[in-house]
Structure formats: C-alpha cells, structure tokens
Asker: 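Please find one structure pasted underneath; my questions will follow.
Small disclaimer: the values here were computed from a predicted structure and weren't measured. Residue numbering restarts at 1 for every chain, and letters A, B, ... go by the order of the sequence lines.
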Amino acid sequence: MENTIITRFPPSPTGYLHLGGARTAIFNWLYARHTNGRFVLRIEDTDMQRSTQESVDAIFDAMDWLGIDWDEGPYFQSKRFDIYKEHIDRLISSGNAYYCTCTPEQVDRMREEAKKSGGKPKYDGSCREKNLQWQEGAVVRFKAPLTGSTLIEDKIRGNIAFANTELDDFIIARSDGSPMYNLAVVIDDITMNINTIIRGDDHISNTPKQILLYQALGAKVPDFGHVPMVLGHDKSRLSKRHGAMSVTAYRDMGYHPDAMVNFLVRLGWSHGDQEFFTRDELIEKFNLEHIGRSAGVFNPEKLLAINAEHIRAASSEALADHLMPFLKEKGIDAEAGDYLYGVIETLKPRSKTFIEMADGAEFYFQEKPVYDEKASAKFLKPALLVPMKQLADGMAGLAEFDEKSLENIFKQVMEDAGLGFGKVAQPVRVALTGKTVSPGIFEMILALGKEKVISRLYDAVQFIEKMPAAE
RNA sequence: GUCCCCAUCGUCUAGCCUGGUCCAGGACACCGGCCUUUCACGCCGGCGACAGGGGUUCGAAUCCCCUUGGGGACGCCA
C-alpha cells in the first residue's frame, strides 16, 4: 500500500536501552500499530569502536520485555556497507559530494577561526572546489548549499527553518570509507521505505542535513516528528545520577511492562485527563497530534503509582507469570494454579511492585510461618489458647469452607470468650502469617486453605502452651 | 559564541490551534477525614500553577513582540 505508515526504531548498540530511547521506540511502534502500518528495527552499529554484541542483546531483551515487536529487521548497518558505498559514489559523481584531504587538525583550526569571528564552528570548504580524486586519508564531504534555507515541516512542532549558512560540508564517509551517521540513516530510511520518523528533539539539528541528503539523492523526504526529551528531576538530561536509566532495571525492580509503557507514553503524550491505559487502548488512541512540545521530567513516584494501578487491574492469572521469577528468587517454587491465583488475589490491592507482592506472598508458601518476635509476644498469649483451639476445631468440622461459615465460627468464639473481633483476629493473623500485617483475615484464610489454617492454628496453640509461664 | 526548540500546581498534564463557559480541570506526591480486624484499596476534603513585561481586543492561559529562564545542536559519535 502506497500510504502505509512505516516507522522505525534505530538504536545504536553502545549501552542498554534507556528510558528516553524506550519511549521513542514505543512511540514509533504505537504509531505503526495505530495506523495499521509497519515498524522496522534497525541496529545502528557503524561505530565499530563503541558497538557491542552485549548491547544488541540488551536492546532485544528490553524490547521483548516491553512487548514491542517489529515487522521487519533487525537490520544491521554494519552489514550494509556496500549499499552506503554505492550511494556515496553516486553522490560524488553527481557533484553533490567531494573528497577532502584536510586533516583533523586543520579542520580544528578552521572551527576555531569560525568561532572567533562570532559564528558556528564549521569546516571552511577548502576542498570543495578542488575536484580531488580519492587518496589515502581522504574523507567524503557533502556539498551543502551555501544559500537559501531548509525547512522542516515537523508533525509535532510545526515548521522549523534553518538558514543553509548554518550548515557546513559535513563528512558523509570517513577516511576508511565507512559511512557517517547522517548518511547511513538517510540511505537506510530511503531503502527501507521509512516514511515517518519519530525521534528525540536532540535530532532536530541533524534534520536539515538529512533533508538535503534526501534531495541530493532525489528521494522523497519523509515526515518528521520530534518528541521532547526526558529529563531528570533537576531538569538536566537524564543520566546515571538520576538513578536507574535502563528499562530492564525496572523489570528487575518488580515493575509491570504495561505500566512502564503506559508511564512512558503518558510522559509527553496525553488523551484528555486519562492516565491509565491498557496496551490496546494505547494502540487505539495514540496519535501524533497530542504529543507535547516541552520536555518532561521523569518522576519515579508516578511510575510506582501507575504500576500499582496496573497490578490492581490485571488478572491474577496474568500477574502470576510476572510474579514467579520474584518468588523463585526467594526460594519459593510456586506452580501456576488456583492456589497461586488465590494468593495473588489477596495481594493485588496492597502491592505496588512484584517485589512487594513476593514479600507479601512468602507466608503462604512457608511450611510454617515464621513468627515475628514482637508480634508473637504481643498477640500469642495464654488468653487466646481456648479461642484459638475452638476456632481450629470449628473449622475442622466445617463442610463448606467459605466466608459465611468462617464468620459464624468467629462470632461464636468471640461470644464465648467475650472478646471483640480485633482481639481475636489479630492473634489469628499472627498465628497464620507470623506478622501483624496481612491481607484481610477471611480472604487470607480462604486463600491459605483449610488444612494449612487449621494446622497453623494448632501450632500456635502449642506455641502458647510451651510458653514459659508469665510473671 | 552561533543556531534551534521549549515555558500552566513540586512533578506529569488538560485547556491554547478555533480568545469569553477557566478567580484554570485531572493525576502523582503531601496534609486532613471517612471506611475498617491489621496493612492496603476505595471514598471525601485541603494545599498548590497560567515565568515577567509590553501590546492587540469589550475581553487573553489562549494571538503578537520583547525579556528572563530551561533544554538541545554545532565530531572522521549516533
């Protein structure tokens, strides 16, 4: 189809996928999905010095976690050098590029000069009209127009014009023949039929150069949309100082990928007052019109809140997959199944992350709960001996183990012992979980199951009996 | 230094294009309260912003200009 939207995400594998990069990946992916278009993944590894296989793997890993799939690729620029070479030659023979033999030192001096006379540091065009042939150490420079201006018709920011005098004859091929960034992206985007480029606004100043390249190559200029950057709390560019930057670090901290995606998209894009979005809603509603123009500060607290919200909204079955690795880490080998789902159900409203959820789930899987010392000292007292036993006996005789009958038993026990609900419930909580904080008493008992509850109750009775007599 | 971008509560943002319905709405955080067997969830309430100055207009958060502030780019990095 002629008007199919084709977007792309072109990370350079020089580190992990950070929050900002993840966000532009998500924007491109969402836009492609929203428009029923195609999304291409391309690894920009022309800088052989800094690119690593580790980083490539880290990027795949992060995209996999975020649930961003691509329709084409991954392409690797390092495998496309002959394509670039061909285009570079074409640019030279068409008079749009030329060999330059100026040394880096000479160029440095030119830049100094230019700066001194109050302008932008630029190459002065020494070799521009020399018509040099290739020779050892020569680079290829683009012959940029000296006059006029280049207009970016940005889908997000509107029109941005650059005077061509701001540009210099930038290098498109290094002296070893390898392509430079601006050239490689343009060639790739042309040959991969990319027609929509959504990227960080730190690329705005590259855009006129790229547009000129498109024109020199006789190719159609794609749509550009520059999204604002993600800043740290001090409004400076996000960096290690601001804490975790790698998206997968958030997986390890117990975040839900849908929450991460939701959060990142909402940072810079809006749909009225809506804050919570499922993946499908995002695909349905995402558009370029509502991407903001100002940079946003990364706020971990908001991420946490939205994560809690996604946990609350998800089904226990779905959460189980995410939770299991964290249980395993605690040495808990839970199986997917009704017991686990029941457990998760009780933990959902009180877990902001999967780590919290795993912590909260621990007592459900222990052979016997580990009594918190203060908790047992305060609540497991001789006065509870009879009520506790009565509770256990009552439950043992229950045909239907449900909330209704549990309530009845509790009522009876409270009446017989002359104790209020709290006086009974809290000790029971300690007996069953070892702690003073847990899910609601009945839902927790139901999730734990009749057998465990009764045996834990008897354990508590024994514990109280064995207690050295007070006073 | 030069060029480019941006500017609403502490933060994310709605509203701005198509001026009046906005003494500016929502969310996170924070502070109260309610609910309650603990912790949460939930609910109710509070705190809190149109950067400043000029215009245009009957009327400006919304349009224009300037200032200030912030960010980005100026590589044989991407």
Side-chain angles (χ1 to χ4, degrees), chain A residues 10-14 44-47 49-51 77 100 102-104 107-108 111 114-123 137-141 152 154 157-158 160-163 165-168 170-176 178 180-182 184-185 200-208 226 228-229 231 233 235-237 263 266-276 289-290 292-306 308-309 312 346-352 356 360 375 410 420-426 428-430 433 435-442 444:
Chain A
S12 59
T14 53
E44 310 220 318
D45 56 351
T46 51
D47 185 347
Q49 306 297 321
R50 300 197 301 152
S51 300
Q77 290 191 324
C100 165
C102 298
T103 63
V107 177
D108 276 347
R111 286 200 255 262
K115 223 168 168 174
K116 235 181 279 174
S117 49
K120 201 170 256 183
K122 294 195 298 188
Y123 169 68
V139 298
V140 180
R141 286 183 182 275
I152 308 175
D154 196 285
R157 342 281 285 219
I160 305 168
F162 282 86
T165 48
E166 288 301 317
L167 271 32
D168 67 353
F170 56 94
I171 295 175
I172 56 176
R174 300 183 182 90
S175 51
D176 65 2
S178 63
M180 288 283 288
Y181 166 75
N182 280 122
V185 230
D201 67 12
D202 50 337
H203 280 289
I204 287 182
S205 51
N206 280 325
T207 309
H226 288 95
M229 321 215 65
L231 271 24
H233 57 82
K235 302 217 174 194
S236 71
R237 200 177 182 148
F263 170 78
R266 242 327 298 245
L267 179 53
W269 173 82
S270 64
H271 182 76
D273 285 336
Q274 189 174 347
E275 301 271 355
F276 180 92
E289 294 85 79
H290 289 280
R293 292 138 307 250
S294 53
V297 173
F298 168 63
N299 180 189
E301 280 175 338
K302 186 114 186 182
L303 208 209
L304 222 211
I306 209 113
E309 215 172 326
R312 262 177 268 137
T346 69
L347 263 13
K348 255 157 64 166
R350 53 207 107 223
S351 309
K352 290 192 192 305
E356 281 184 22
F410 266 78
F421 190 60
K423 292 282 185 224
V424 179
Q426 208 51 5
V428 168
R429 190 187 309 284
V430 175
T433 72
K435 302 187 212 55
T436 53
V437 172
S438 87
I441 201 90
F442 294 124
M444 183 256 289

Asker: What's the separation between atom CG in A:N299 and atom CG in A:L304, rounded to the nearest 0.5 Å?
Answerer: 10.0 Å
Asker: Could you check which of B:rU2, B:rU38, B:rC12 has an atom nearest any side-chain atom of A:E166?
Answerer: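 Taking heavy atoms from C-beta onward, the closest nucleotide is B:rU2.
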Asker: Does A:D201 or A:P11 map to a spot on RNA chain B nearer the 5' end, using the closest nucleotide for each?
Answerer: A:D201
Asker: Should B:rG45 form a Watson-Crick or G-U wobble pair with both distances under 3.5 Å, which nucleotide is its partner?
Answerer: B:rC31
Asker: Which of the following nucleotides, B:rC76, B:rU37, B:rC28, is nearest to the side chain of A:M180?
Answerer: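 Out of B:rC76, B:rU37, B:rC28, the nucleotide with an atom closest to A:M180's side chain is B:rC76.
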Asker: Which one is paired to B:rC23, where only Watson-Crick or G-U wobble pairs with both distances under 3.5 angstrom count?
Answerer: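 Per the H-bond distance test, none.
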Asker: Can B:rC41 be described as syn, meaning its chi torsion is within 90° of 0, or is it anti?
Answerer: syn
Asker: When rounded to the nearest Å, what value does the distance between P atoms of B:rG54 and B:rG59 take?
Answerer: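 15 Å, rounded to whole Å.
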Asker: Looking only at heavy atoms, what is the nearest atom pair of A:A375 and A:T436, with distance?
Answerer: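 Here A:A375 and A:T436 meet closest at CB-CG2, 3.6 Å.
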Asker: What is the distance, rounded to the nearest whole Å, between atom CG of A:N182 and atom P of B:rA73?
Answerer: 13 Å
Asker: Given that A:W269 and A:T103 both sit by RNA chain B, which one's nearest nucleotide is further toward the 5' end?
Answerer: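 Comparing both residues, the 5'-ward one is A:W269.
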Asker: Using the C1' atom as the point on both nucleotides, what is the distance between B:rU36 and B:rC47, in whole Å?
Answerer: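 Rounded to whole Å, the distance is 27 Å.
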Asker: With the side chain of A:D47 defined as its heavy atoms from C-beta on, choose the nearest nucleotide among B:rU38, B:rC77, B:rU13.
Answerer: B:rC77
Asker: Hey, mind stepping through A:R293 and A:D201 against salt bridge (Lys or Arg N to Asp or Glu O under 4.0 Å) and telling me if it holds?
Answerer: CA-CA 9 Å; A:R293 292 138 307 250; A:D201 67 12; over 6 Å; no
Asker: With rounding to whole Å, what would you report as the distance between B:rA7 and B:rU62 at their P atoms?
Answerer: 12 Å
Asker: Once you round to the nearest 0.5 Å, how far does SG of A:C102 lie from CD1 of A:I171?
Answerer: 9.5 Å
Asker: Looking across every strand, which nucleic acid part, if any, lies under 4.0 Å from A:V139 by heavy atom: base, sugar-phosphate, or nothing?
Answerer: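 Base: the residue A:V139, judged by heavy atoms under 4.0 Å, touches a nucleobase.
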Asker: Once you apply a heavy-atom cut-off of 4.0 Å, does A:I441 come out as touching a base, just sugar-phosphate, or nothing?
Answerer: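 Base, at least one base atom sits under 4.0 Å.
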Asker: Could you give the NZ-to-C1' distance, from A:K122 to B:rC76, as a whole number of Å?
Answerer: 19 Å
Asker: I'd like the C1' distance from B:rU8 over to B:rA61, given in whole Å.
Answerer: 7 Å
Asker: Which whole-number value in Å describes the distance from A:N299 CG to B:rA29 P?
Answerer: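 To the nearest whole Å, that distance equals 9 Å.
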Asker: Can you find a side chain N or O atom of A:R237 that sits less than 4.0 Å from OP1 or OP2 on B:rG71?
Answerer: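 No, no such contact exists.
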Asker: Would you measure the distance from the C1' atom in B:rC6 across to the matching atom in B:rA51 and give it in whole Å?
Answerer: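 Straight-line distance between the two C1' atoms is 13 Å.
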Asker: Closer than 4.0 angstrom, basic N to acidic O: yes or no for A:R237 and A:D202?
Answerer: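 Counted as a salt bridge, because a side-chain N and a carboxylate O are separated by less than 4.0 Å.
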Asker: Taking the six-membered ring where the residue is Trp, are the ring centres of A:F410 and A:F442 under 6.0 Å apart?
Answerer: yes
Asker: Students often get this wrong, so: under 4.0 angstrom with heavy atoms, is A:S270 touching a base, only sugar-phosphate, or nothing?
Answerer: sugar-phosphate
Asker: Ring centroids only, cut at 6.0 angstrom: are A:F263 and A:F298 within range, meaning strictly under it?
Answerer: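 Distance test on ring centres: under 6.0 Å, yes.
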Asker: In sequence, state the C-alpha distance, the side-chain angles, and the governing distance for A:R429 and A:T433, and then conclude on side chain to side chain donor-acceptor pair (under 3.5 Å).
Answerer: CA-CA 6 Å; A:R429 190 187 309 284; A:T433 72; over 6 Å; no
Asker: Would you classify A:H203 as touching base, sugar-phosphate or nothing, given that sugar-phosphate means primed atoms plus P, OP1 and OP2, and contacts are heavy atoms under 4.0 Å?
Answerer: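 It contacts base atoms.
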Asker: What nucleic acid atoms does A:G119 come within less than 4.0 Å of, heavy atoms only: base, sugar-phosphate, or nothing?
Answerer: base
Asker: Applying a 4.0 Å non-hydrogen cut-off, can you work out what A:G200 is touching in the nucleic acid: base, sugar-phosphate, or nothing?
Answerer: nothing
Asker: Specify the separation, in whole Å, of atom CZ of A:R50 and atom P of B:rG75.
Answerer: 15 Å
Asker: Per the atom types in the model, does the base of B:rC39 pair as donor or acceptor with the side chain of A:R350 at under 3.5 Å?
Answerer: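 Indeed there is one.
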Asker: Counting any heavy atom closer than 4.0 Å, what does A:P439 reach on the DNA or RNA strands: base, sugar-phosphate only, or nothing?
Answerer: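 Base contact - A:P439 has a heavy atom under 4.0 Å of at least one base atom.
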Asker: Under 4.0 Å, heavy atoms only, any strand: does A:T46 hit a base, just the sugar-phosphate, or nothing?
Answerer: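 Here A:T46 touches the backbone only, sparing every base.
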Asker: Measure CG/A:D168 against P/B:rC3 and give the value in whole Å, please.
Answerer: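 These atoms are roughly 16 Å apart.
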Asker: Of the nucleotides B:rA73, B:rC12, B:rC76, which has the atom closest to the A:D202 side chain?
Answerer: B:rA73
Asker: Please name the nucleotide paired to B:rU62 by Watson-Crick or G-U wobble geometry with both distances under 3.5 Å, or report none.
Answerer: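 Across any shown strand, B:rU62 pairs with none.
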Asker: Name the closest nucleotide to the A:R293 side chain, picking from B:rC41, B:rC5, B:rC6.
Answerer: B:rC6
Asker: Could you work out the separation of B:rU38 and B:rC23 based on their P atoms and round it to a whole Å?
Answerer: 44 Å
Asker: Walk me through it: do A:E275 and A:K302 pass the test salt bridge (Lys or Arg N to Asp or Glu O under 4.0 Å)?
Answerer: CA-CA 10 Å; A:E275 301 271 355; A:K302 186 114 186 182; 3.4 Å; yes
Asker: Please confirm whether any donor atom in the side chain of A:K302 sits under 3.5 Å from an acceptor in the base of B:rA27, or the reverse.
Answerer: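 By the distance-only test, yes, there is a pair.
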Asker: Return no unless some side-chain N or O of A:K235 is found under 4.0 Å from OP1 or OP2 of B:rU11.
Answerer: yes
Asker: What is the distance, to the nearest angstrom, from the CG atom on A:D273 to the C1' atom on B:rG15?
Answerer: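 For the pair A:D273 CG and B:rG15 C1', the rounded distance is 9 Å.
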Asker: Hey, does A:G137 reach any base, or is it just sugar-phosphate, or nothing, if we go heavy atoms under 4.0 Å?
Answerer: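 If one applies the 4.0 Å heavy-atom cut-off, A:G137 turns out to touch a base.
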Asker: Hey, is the side chain of A:R157 poking within less than 4.0 Å of OP1 or OP2 on B:rG71, counting only N and O atoms?
Answerer: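 So the side chain of A:R157 is outside the cut-off, no N or O lying under 4.0 Å from OP1 or OP2 of B:rG71.
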Asker: Please state how far atom CG in A:L231 lies from atom P in B:rU13, giving the value in whole angstrom units.
Answerer: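 So the CG-P distance, A:L231 to B:rU13, works out to 11 Å.
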Asker: Just call it for A:R312: base, sugar-phosphate, or nothing, with non-hydrogen atoms closer than 4.0 Å on any strand.
Answerer: sugar-phosphate
Asker: For the pair made of CE in A:M444 and P in B:rA40, what is the distance, rounded to whole Å?
Answerer: 16 Å
Asker: What distance, rounded to whole Å, do you find between the two C1' atoms, one in B:rU56 and one in B:rG48?
Answerer: 32 Å
Asker: Work out how far the C1' atom of B:rA27 is from that of B:rG69, and round it to whole angstrom.
Answerer: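 It comes out at 26 Å once rounded to the nearest Å.
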Asker: Who does B:rA73 pair with, Watson-Crick or G-U, both distances under 3.5 Å?
Answerer: B:rU2
Asker: Please confirm whether any donor atom in the side chain of A:S438 sits under 3.5 Å from an acceptor in the base of B:rC39, or the reverse.
Answerer: no
Asker: For A:S294, report the nucleic acid contact type (base, sugar-phosphate, nothing); a contact means any heavy atom under 4.0 Å.
Answerer: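 Contact class for A:S294: sugar-phosphate only.
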Asker: Taking all non-hydrogen atoms of both residues into account, name the closest pair between A:K122 and A:E166 and its distance.
Answerer: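 Smallest heavy-atom distance, with atoms named: CD-O, 3.7 Å.
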Asker: With a 4.0 Å limit, can you tell me whether A:R174 has a side-chain N or O closer than that to the phosphate oxygens OP1/OP2 of B:rA78?
Answerer: yes
Asker: Hey, does A:E275 reach any base, or is it just sugar-phosphate, or nothing, if we go heavy atoms under 4.0 Å?
Answerer: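 Base: the residue A:E275, judged by heavy atoms under 4.0 Å, touches a nucleobase.
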Asker: Describe the nucleic acid contact of A:F276 in one word from base, sugar-phosphate, nothing, applying a heavy-atom distance below 4.0 Å.
Answerer: nothing
Asker: Measure distances between side-chain N and O atoms of A:R266 and base N and O atoms of B:rU13, and say whether any donor-acceptor pair falls under 3.5 Å.
Answerer: no
Asker: For A:N206, answer base if it contacts any base atom (sugar-phosphate contacts may also be present), sugar-phosphate if it contacts only those atoms, and nothing otherwise; contact means non-hydrogen atoms under 4.0 Å.
Answerer: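 Since a base atom lies under 4.0 Å of A:N206, the category is base.
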Asker: Given that both distances must come in under 3.5 Å, which nucleotide forms a Watson-Crick or G-U wobble pair with B:rA7?
Answerer: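 Paired with B:rA7, as far as the under-3.5 Å criterion goes, is B:rU68.
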